Amino acid sequence: MAQRAGGRALCLLRGRLLPPGPAAARLGSSGPALQRAGGAEETDAEVSARKKTFTEVQTERLEQADRSVLIKCPSKLNEKKLLQYLSSHGKIDNYFFFENRGIHALIEFSEKSSVASLQAVTGIPKAAEHHVVPYKSRLFTFTLKNPGSQAAEERPVKISPQSHIPVNELIPKLCHADSISSQMYILLNEYQLTEENIKLRYLACSLVRDFARAYFPDSTVKPFGSSVNTFGKLGCDVDMFLDFHDIQKHATKMKKGPFEMEYQMKRLPSERLATQKILSIIGDCLDNFGPGYSSVQKILNARCPLVKFSHQPTGFQCDLSVSNSIAIRCSELLYIYGCLDPRVRALVFSLRCWARVHGLTNSVPGTWITNFSLTMMIMFFLQKRSPPIIPTLDQLKELADEKDKHVIGGYDCSFVSDLSKIKPTKNTETLDELLCDFFQYFGNFDFRKNSLNLRKGKEVNKPESSPLYIWNPFEQDLNISKNVNQPQLEKFVAMARESAWILQKEDKTQQMINKEPWGLAAVLIPFGKSNPNTMKSRTKGIGSETIKSLLDSLKLSDANNLQKAVGK
């Protein structure tokens, strides 16, 4: 327990470990005219006193994004003069600079009216060769009228990083830690989304919403998935969805009386066709008229139709879908798990990094384990601890009240949203123990007959012969890991066993003397690229393990073939 607390303290001292909920703003320095909303100390106190619900966080972040603008700046500028000019349009709550094809500044005003004030005095660019589309967005370009005369006043601004460091630069940092727990918190600190990056993601959604509202005035665009579930890594894509929830609520508020008034609306034979048409028109709008949008792809025949695009000003790759309600519930479920105990996020980030290093996951679709499937495997593992570290979905459902009841497409997606109703775990295991035990657990898991059910937190017999079967938490007739084939599962099992062996057999003190990677750092190096002498000695010891792994794989394959034959 002391190791876990020590690791967390180490990361807090390094200044980037944020609470899983709405964190205090760690942004650009502010003078008398630039005061952070409520003060950093007050915000941290609020978070520790009462963890905000997923919906509260979404609402707060979207409202902040509405008051924000994005400005492309010259390579050198006088930060003070820029802020003084912008402050003439209203008080600035927060700001930061980042680099993406040039220097950009995100400016968050206190009032939404300040954005309109700035737009009112901003000019339309002159185009000698090309005609510009006269769309007034919240993207601006700031230039100096007389750059030569102001050169002496220019100073480089502090740049906020928007990507994590490479693994080969991370490993030396991990080797200086005092425990595996500390190593895992250092990795979390380096890889998790920063406060600035989160603000940028919500702004990207808000800018797309501005286009959508040209057609659907009451619509909103919200992020889901890794951007909001507390497990997002710097550099991950932005999943966003177009929500018509407010429009649907308006339909139920018609006043009773002798008459009924309804809008005349286009009627289509199916919701899917409506979704495809909506996404098609918004995709065309972004492609043809949206400043900064490029590589727009309309993937309308997928199971969940979407539009993929790049947003050059923020540097994000984005996926836009329509009212993906069950995906939102999954995001909220993971948000709750990530908020309940700091070990949850540290373990997920470390194992995701481990899986990517060893080629077990990939950024493109394929037959490998996805980050979502891996995360669900980790959640299942944490439910199986004694005592459990996180509750099962059925236990969360028992705590739900009336406002938490959600039935989507016939599926019960109810669970408690108020984190204060969930009792803290009594489990005191360190991350050192959890990491090693995860590798041992799944290195010896009987994938031949068992599946993972997060609703119950139990292993249950597989309903079909997919190599890896993880029940969708809500759509219980779906396997979220159906894409995974037998070779990829066998590779995962082999890597888990090898990693468990490394963590059990290593001599930390001797490795530190020899300046060799140890602990988490040792399992983040692709096997075979470590110290050759170490590999030779290790190979002698793992012969039996390798043979056992191959035999188990053959048994697994034979069992699947037999099951298929019986099925015929």
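What's counted below: heavy atoms across the whole structure, side chains too, no hydrogens, waters or symmetry copies. This one's a predicted model, so the numbers in the text were calculated from it and none came from an experiment.
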Minimum side-chain heavy-atom gap Met376-Pro473 below 4.5 Å: yes

Test side chain to side chain donor-acceptor pair (under 3.5 Å) applied to Ser88 - qualifying residues, sequence neighbours left out: none

Stepwise side-chain hydrogen bond (donor to acceptor under 3.5 Å, both in side chains) test for Ser117 and Gln119: CA-CA 5 Å; Ser117 174; Gln119 287 175 321; over 6 Å; no

Test log, rule side-chain hydrogen bond (donor to acceptor under 3.5 Å, both in side chains), inputs Arg201 and Ser227: CA-CA 7 Å; Arg201 289 168 183 271; Ser227 293; 2.9 Å; yes

Residues that Phe309 engages under ring-ring contact (aromatic ring centres under 6.0 Å, His included), provided they are two or more places apart: Tyr293

Salt bridge (Lys or Arg N to Asp or Glu O under 4.0 Å) pairs, two or more places apart, involving residues 221-232: Lys222-Asp243

Non-neighbouring partners of Asp210 that pass salt bridge (Lys or Arg N to Asp or Glu O under 4.0 Å), sequence neighbours left out: Arg138

Asp66-Ser206 side chain donor-acceptor pair, cut-off 3.5 Å: yes

Validation row: Asp404, Phe415 side chains within 4.5 angstrom (heavy atoms): no

Residues in side chain to side chain donor-acceptor pair (under 3.5 Å) contact with Gln317, at least two apart in sequence or another chain: Ser310

Whether Phe98 and Phe96 hold their rings parallel, tilted or perpendicular, with breakpoints at 30° and 60°: tilted

Contacts of His104 that satisfy side chain to side chain donor-acceptor pair (under 3.5 Å) - sequence neighbours left out: none

Neighbour count above 12 (heavy atom, 6.0 Å) for Glu111 CD: no

All pairs passing salt bridge (Lys or Arg N to Asp or Glu O under 4.0 Å) where residues 325-338 contributes a residue, at least two apart: Arg329-Glu332

Selection residues 346-366 - residue pairs positive for salt bridge (Lys or Arg N to Asp or Glu O under 4.0 Å), sequence neighbours left out: none

Evaluation steps, side-chain contact (heavy atoms from CB on, under 4.5 Å), between Phe140 and Leu118: CA-CA 10 Å; Phe140 305 95; Leu118 183 60; 3.9 Å; yes

Test ring-ring contact (aromatic ring centres under 6.0 Å, His included) applied to His89 - qualifying residues, sequence neighbours left out: Tyr85

All side chain to side chain donor-acceptor pair (under 3.5 Å) counterparts of Lys421, not counting sequence neighbours: Asp401

With Phe372 via ring-ring contact (aromatic ring centres under 6.0 Å, His included) - residues at least two apart: none

Where at least one partner belongs to residues 231-241, residue pairs that pass side-chain hydrogen bond (donor to acceptor under 3.5 Å, both in side chains), sequence neighbours excluded: none

